[in-house]
Amino acid sequence: MRQTNLLVTTLREAPAEAETRSHQLLLRAGYIRQVAAGVYTYLPLGRRVLRRMEQIVRQEMESAGAQEVLMPSMQPAELWRESERYEVYGKELMKLRDRHDREFVLGPTHEEVVTALMRGEISSYRQLPVTVYQIQTKFRDERRPRSGLLRGREFLMKDAYSFDTDWAGLDLAYQVMYSAYERIFDRCGLKYRAVQANAGAIGGKGQNHEFIALSEIGEDTIAVCSLCGYAANLEQAEVQSGAAPHRQDFAGRPAPERFHTPAQKTIQQLEQESQLRPQDIIKTLIYTGGGGDTFAVLVRGDHEVNELKVQKHLGCGDITLADAMHVQETAGTGSGYVGPAGLSVPILVDAAVAAMTEAVTGAGEEDYHLRGVVPGRDFPLTQVGDFRNAVAGDSCPQCGEGELDFHQGIEVGHVFKLGTVYSEKLGADYLDLGGRTRPMVMGCYGIGISRLLAAVAEQNNDDQGLVWPQGLAPYAVHILLMSVKDTAQRELAEALYARLTALGIDALLDDRDERAGVKFKDAGLMGTPVALVVGKLAAEQKVEYMDRRKGNKEVMDMAEAVLRVSGMQSAPDTAFA
């Protein structure tokens, strides 16, 4: 491609709404343009990077035995009602009606459609196992789209689905796909971790893992052991708090002491005004469950409730903090002064609270707290468990020796063992060897390809602009012709361009009549990792070879430059589908 023909306009300054580094650079370098909040057009440079990612994904999916299909974005609402997700998915599900008043959704995912497909195509165990995948546009009505491609309302995704006769088959399919994901992200040059995760709206009855690109701007927090390979999303990270002390005899222990704490409703206020340590305080939080049941959760003052763990323990759906009126009705006082003593609702006690010898709690009346509250004496320990978020320094739940450390990251992939959740609800059955009807056992495997583009950009940039990994760069090499008016420079640049093109190497020739500074600035923004500068040494058939990733600059003759560029190419990663 000649740059005089390339549709690209670089920006000197990033738009004000672009907050993350990847969003700023993808806009400034001419890769994307915003159409609406969370909706983007991919310009030629952006589309070329996406196509390279898609090709890597296709190669690894085919290698894993998956077959490509293409399912519609517009899905009948009846399928979502069959799976019971139409209402559960919430306001993020984009809904519409056609001229005949039939309801449809714009799919954020395709479990319903692919399950309905397989119930019509598969009838016997002889047709299983099978895995299909697609690369398709998805839709999610985000409340606050932000961070460019990282949280959009329309996005490009690869989703795969495996169908097996039993869980042993699913286990194998899951491991095959897990390994394929590792190869994909390795080939994309991504720094990532695979972590235990929560299934969320996808659901399922088995394990699942998120693949997290490490980044300070990431919305996901992951806990990583300092010694072993344990890694988990903060929502799933288990906590080893140790056993509660053995308490049989509370004789001689003084009763709790009531003390005045005016306008001290928060842990921070108690710490500042009453000189209390957060780890010596018990927070009592009143919740309501999906069925309207009310209960309390107790955690230490320096810990936070993990609502997903509470939901799992109770076996219920969403839970919410009770509003002020409900707290008053339940505890006889307002939030900030609620204590566990005397509560008439079920109490879930975090293990770290159960291990306390005594603590400060709310007194159950405005402006007062209690000190000397003893767990097991002053409130029951009938429901003790892990109900809190892990914190830095907690013992590793896997090896027990290492400590947990925390990192921010961007979710770029997720693999699930769905089991029979969808096949049972949508009737995707097969006949087994004995002629009995069985539900297919499913797995689901997603990669956000447009999100992956932004994550790679977030990890690969410098003070000049983007610096793509070689296998993802829109062009393998950027030829910078310093002066189009200089005959020797122009002829050498054209010869280089022709030779590289003949070898099947994607080269971008900057043949614009612009100043050298403009060309270097644009090349730095666009991020092709290798540039060949054709300048004053052109008469000697020499060019300057610039390696952005290594920071190297070398002067060499044309033949050596061609050899160097052709030698660094990896045909499988740069071929277009």
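On a predicted model such as this, the values are computed, not experimentally measured, just so you know.
Annotation: salt bridge (charged side-chain N to carboxylate O under 4.0 Å, His left out) contacts of Lys158 (sequence neighbours excluded): none. Checked against ring pair (Phe, Tyr, Trp, His ring centres under 6.0 Å), Tyr475 has no partners two or more places apart in sequence or in another chain. Remark: Thr10 pairs with Arg12, Asp522 by the side chain to side chain donor-acceptor pair (under 3.5 Å) rule, at least two apart or across chains.
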_Derivation of the side chain to side chain donor-acceptor pair (under 3.5 Å) call for Asp511 and Gln3_ = CA-CA 6 Å; Asp511 57 344; Gln3 205 158 331; over 6 Å; no
*asked:* side chain to side chain contact (heavy atoms under 4.5 Å, CB included), that's the test. Do Asp405 and His407 meet it? Break it down for me.
replied: CA-CA 7 Å; Asp405 191 15; His407 304 274; 3.8 Å; yes
*Yes or no on side chain to side chain donor-acceptor pair (under 3.5 Å) for Glu112 and Ser83, after CA distance, side-chain angles and deciding distance?*
CA-CA 7 Å; Glu112 286 79 4; Ser83 70; 2.6 Å; yes
_Worked check of side chain to side chain contact (heavy atoms under 4.5 Å, CB included) between Leu496 and Val562_ = CA-CA 7 Å; Leu496 263 175; Val562 170; 3.7 Å; yes
*Go through the steps to decide whether Asp164 and Asp171 satisfy the test side chain to side chain contact (heavy atoms under 4.5 Å, CB included), and finish with yes or no.*
CA-CA 10 Å; Asp164 284 273; Asp171 290 344; over 6 Å; no
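For CD of Glu103, the number of neighbouring non-hydrogen atoms (other residues, nucleotides, ligands) closer than 6.0 Å is greater than 12. Remark: Arg515 CZ is loosely packed, at most 12 non-hydrogen atoms of other residues, nucleotides or ligands lying under 6.0 Å away.
In this structure, CG on Leu508 lies 11.5 Å from CG on Leu532, to the nearest 0.5 angstrom. Atom OG1 of Thr115 is separated from atom CG of Leu418 by 8.0 Å, given to the nearest 0.5 angstrom. Between the CD atom in Glu17 and the CD atom in Gln34 there is a gap of 5.5 Å [rounded to 0.5 Å]. Note that the CZ atom of Arg33 and the OG1 atom of Thr9 stand 6.5 Å from one another [nearest 0.5 Å]. A distance of 10.0 Å separates CD in Glu304 from CG in Leu234, rounded to the nearest 0.5 Å. Atom CG of Leu170 is separated from atom OG of Ser162 by 5.5 Å, given to the nearest 0.5 angstrom.
When atom types are taken as modelled, the side chain of Gln24 and the backbone of Ala18 share a donor-acceptor pair closer than 3.5 angstrom. Side-chain atoms of Ser450 come within 3.5 Å of backbone N or O of Leu156 as a donor-acceptor pair. Between the side chain of Ser73 and the backbone N or O of Thr137 there is at least one donor-acceptor pair closer than 3.5 Å. When atom types are taken as modelled, the side chain of Arg48 and the backbone of Leu43 share no donor-acceptor pair closer than 3.5 angstrom. Under the 3.5 Å distance criterion, the side-chain polar atoms of Ser226 are left unmatched by any main-chain donor or acceptor of Gly402. The main-chain N or O of Glu544 is never found under 3.5 Å from a side-chain atom of Lys553 such that the two would form a donor-acceptor pair. Under the 3.5 Å distance criterion, the side-chain polar atoms of Gln75 are left unmatched by any main-chain donor or acceptor of Val105. At distances below 3.5 Å, at least one donor-acceptor pair connects side-chain atoms of Arg52 with backbone N or O atoms of Ala473. Here the side chain of Tyr545 pairs no donor or acceptor atom with the backbone of Glu560 at under 3.5 angstrom. The backbone N or O of Leu214 lies less than 3.5 Å from a partner atom in the side chain of Gln459, making a donor-acceptor pair.
With no hydrogens or angles considered, a side-chain donor-acceptor pair links Thr109 and Glu111 at under 3.5 Å. Side-chain contact of Thr221 with Gln408: a donor-acceptor pair under 3.5 Å is present, judged by distance alone. A donor atom on one side chain and an acceptor atom on the other are not found under 3.5 Å apart for Tyr174 and Gln207.
Between Arg58 and Glu62 there is no salt bridge, since no side-chain N of the basic residue sits under 4.0 Å from a carboxylate O of the acidic one. Ionic pairing of Lys95 and Asp141 is not present here: no N-O contact between side-chain nitrogen and carboxylate oxygen is shorter than 4.0 angstrom. The pair Arg388-Asp394 counts as a salt bridge, with a side-chain nitrogen and a carboxylate oxygen less than 4.0 angstrom apart. Comment: Asp510 engages Arg512 in a salt bridge, judged by a side-chain N to carboxylate O separation of less than 4.0 angstrom.
Closest non-hydrogen pair, Ser22 versus Ala454, comes out as CB-O, 3.4 Å. Across all non-hydrogen atoms, the minimal contact from Gln236 to Ala197 is CG-C, 3.0 Å. Scanning all heavy atoms of the two residues, the minimum distance from Ser566 to Ile505 falls at CA-CD1, 3.5 Å. In terms of heavy atoms, Ser215 sits closest to Glu458 at OG-CG, 3.5 Å. Listed here is the closest heavy atom pair of Met157 and Pro108: SD-O, 4.5 Å. For the pair Tyr230 and Pro397, the tightest heavy-atom approach, listed with the atom from each and the gap, is CZ-CG, 3.4 Å.
Sorted by first and then second residue, the ring-ring contact (aromatic ring centres under 6.0 Å, His included) pairs with a member in residues 16-58 read His23-Tyr40, Tyr31-Trp468; sequence neighbours excluded. Applying the salt bridge (Lys or Arg N to Asp or Glu O under 4.0 Å) test to residues at least two apart or on different chains, the pairs with a partner in residues 217-239 are Arg146-Glu219, Arg151-Glu219. Among residues at least two apart or in separate chains, side-chain hydrogen bond (donor to acceptor under 3.5 Å, both in side chains) pairs with a member in residues 486-503 are Arg2-Glu494.
With a 4.5 Å cut-off on side-chain heavy atoms, Val176 and Thr131 do not count as touching. Inter-residue side-chain proximity for Cys188 and Leu452 is flagged as met; some heavy-atom pair is nearer than 4.5 Å. Inter-residue side-chain proximity for Met71 and Tyr161 is flagged as met; some heavy-atom pair is nearer than 4.5 Å. Between Val456 and Val49 the shortest side-chain heavy-atom distance does not fall below 4.5 Å. Using a 4.5 Å heavy-atom threshold, the side chains of Pro474 and Met526 count as separate. By the 4.5 Å heavy-atom criterion applied to side chains, Met61 and Tyr445 are not counted as neighbours. Between Asp159 and Gln134 the shortest side-chain heavy-atom distance falls below 4.5 Å. Between Pro469 and Arg549, the closest side-chain pair of non-hydrogen atoms falls below 4.5 Å.
Taking the six-membered ring where the residue is Trp, His414 and Phe416 present parallel rings, their angle staying beneath 30° rather than reaching 60°.
Only one option out of Tyr89, Tyr86, Phe104 pairs with Trp80 in a ring-ring contact (aromatic ring centres under 6.0 Å, His included); it is Tyr89.
For an aromatic pair to be called close, the ring centres must be under 6.0 Å apart, and Tyr178 with Phe211 satisfies this.
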